[in-house]
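Just so it is clear, the model here is predicted, and its values are computed rather than measured. We number each residue from 1, following the sequence as shown. All heavy atoms count here, side chains included; hydrogens, waters and symmetry mates do not.
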Amino acid sequence: MIRFHFGLAPIGRVEPWGDQYRTLHWFALTEGWYCIDLGDHELLRYSDRTTELLRAQSGRQATPQHPYVDYYVARLWEDMLALLPTALEPVPADLVDFIGSASADWSLPETPEAEAASIWYGDHTLDTGYLWFGPHLRWWRTVDETSDFLTVAWHHPTDPESEIEFAGPSSGRFTLPTDEFRSAVVEFDRNLMSAIARRVRKFRTLGPPMGIEIDLDLLVHEQQTRTQWLGEAMRRRPETDWDAVRAGARTLRQSTSAAH
């Protein structure tokens, strides 16, 4: 029901970093593409029209023939791990409507409680600010006596130039068992770590591409360190002040109602 789908660019197409000293480090080696499969829907997939436009703008013969976001896969991986503790923290029943509501009409009062509620709400959002008109993706968990689910809500901002469009509905939500979400993140982590490990082994055997510097010892160390990030994220627990969040949520709702 959910899958973090990605592909890495061939080593020969990975863009080195730096001007005087061209180098490849761990993050750069994850250059590629990715999307999030949710049932029959693909988040981070461009419309056909935008895909053709981006290909034309790139001017590169070797532009990959896929409709997905082109960026460093490590960015999605890092952001998912940063989001994970908050996404897996069950939302109390009396705050489900608040976390599931749109925030565009909020008039933010200057109170500590409103700030706490706004930050808590925002912490459930996957960062896509590095993309042109990237979708707003919000994740939250609900648990009761008989069920344990993770909900993903998305909304695509409108590009006033009408160049950037994503495929599928402009907004919606998808609910799946929390265990499936957790398993998908574990699979994503395992697949990415394995893919970079293969690249590291290749460099240890054949050396770096011609004209590119690689600090192999640092690369090996970073690979080993990053294999621990998922476990650390799974063990991390947010220190949520539920009283402040509840008070702030009430304030935000009242301010929105008064504004209308």
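- Side chain of T50 to backbone of E165: a donor-acceptor contact under 3.5 angstrom is found.
- Not one N or O on the side chain of R141 forms a donor-acceptor pair closer than 3.5 Å with the backbone of T178.
- The closest side-chain heavy-atom distance from E42 to Y68 is below 4.5 Å.
- Side chain of S101 to backbone of F98: a donor-acceptor contact under 3.5 angstrom is found.
- Ring geometry for H136 versus H155: interplanar angle of 30 to 60°, hence tilted.
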Exercise. Does the side chain to side chain donor-acceptor pair (under 3.5 Å) test come out yes or no for T51 and D48, once each step is laid out?
Worked result: CA-CA 5 Å; T51 299; D48 291 343; 5.2 Å; no
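- L83 contributes atom CG, which lies 6.0 Å from atom CG of L126 (distance to the nearest 0.5 angstrom).
- Using a distance-only test at 3.5 Å, with no hydrogens or angles considered, no donor-acceptor pair links the side chain of Y121 to the main chain of A249.
- In this structure, H41 and W154 have parallel ring planes: the angle between them is below the 30° cut-off, well short of the 60° mark.
- Both Y130 and L192 are assigned to one and the same hydrophobic cluster, defined by single-linkage of ILVMFWY side chains at heavy-atom distances under 4.5 Å.
- Ring pair H66/W33 is tilted by interplanar angle, where 30° to 60° counts as tilted.
- The nearest pair of heavy atoms linking L43 to C35 is O-CB, 3.2 Å.
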Exercise. Does the ring-ring contact (aromatic ring centres under 6.0 Å, His included) test come out yes or no for W26 and W229, once each step is laid out?
Worked result: CA-CA 14 Å; W26 196 95; W229 284 22; 7.7 Å; no
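- With values rounded to the nearest 0.5 angstrom, T158 atom OG1 is found 12.5 Å from I164 atom CD1.
- One finds a salt bridge joining R226 and E78 here, because a Lys/Arg side-chain nitrogen approaches an Asp/Glu carboxylate oxygen to under 4.0 Å.
- In terms of modelled atom types and a separation under 3.5 Å, the side chain of E113 and the main chain of R246 share no donor-acceptor contact.
- Tracing side-chain contacts under 4.5 Å through hydrophobic residues (I, L, V, M, F, W, Y), one never reaches V143 starting from M1; they form parts of separate clusters.
- Here OG1 of T151 is found 8.0 Å from CG of L176. Values are rounded to the nearest 0.5 Å.
- Of the possible donor and acceptor atoms, none in the side chain of T251 sits under 3.5 Å from a partner among the backbone N and O of A114.
- Classification of the F166-H156 ring pair by plane angle, with boundaries at 30° and 60°, yields parallel.
- Rounding to the nearest 0.5 Å places CG of L44 at 12.0 Å from CG of D70.
- Looking at heavy atoms from C-beta onward, L88 lies in side-chain contact with F181 at the 4.5 angstrom threshold.
- Put simply, V220 and L24 are part of the same group of oily side chains (I, L, V, M, F, W, Y) that touch within less than 4.5 Å, one to the next.
- The backbone N or O of E15 sits less than 3.5 Å from a side-chain atom of E31, completing a donor-acceptor pair.
- If you chain together hydrophobic residues whose side chains sit under 4.5 Å apart, F6 and V186 fall into the same group.
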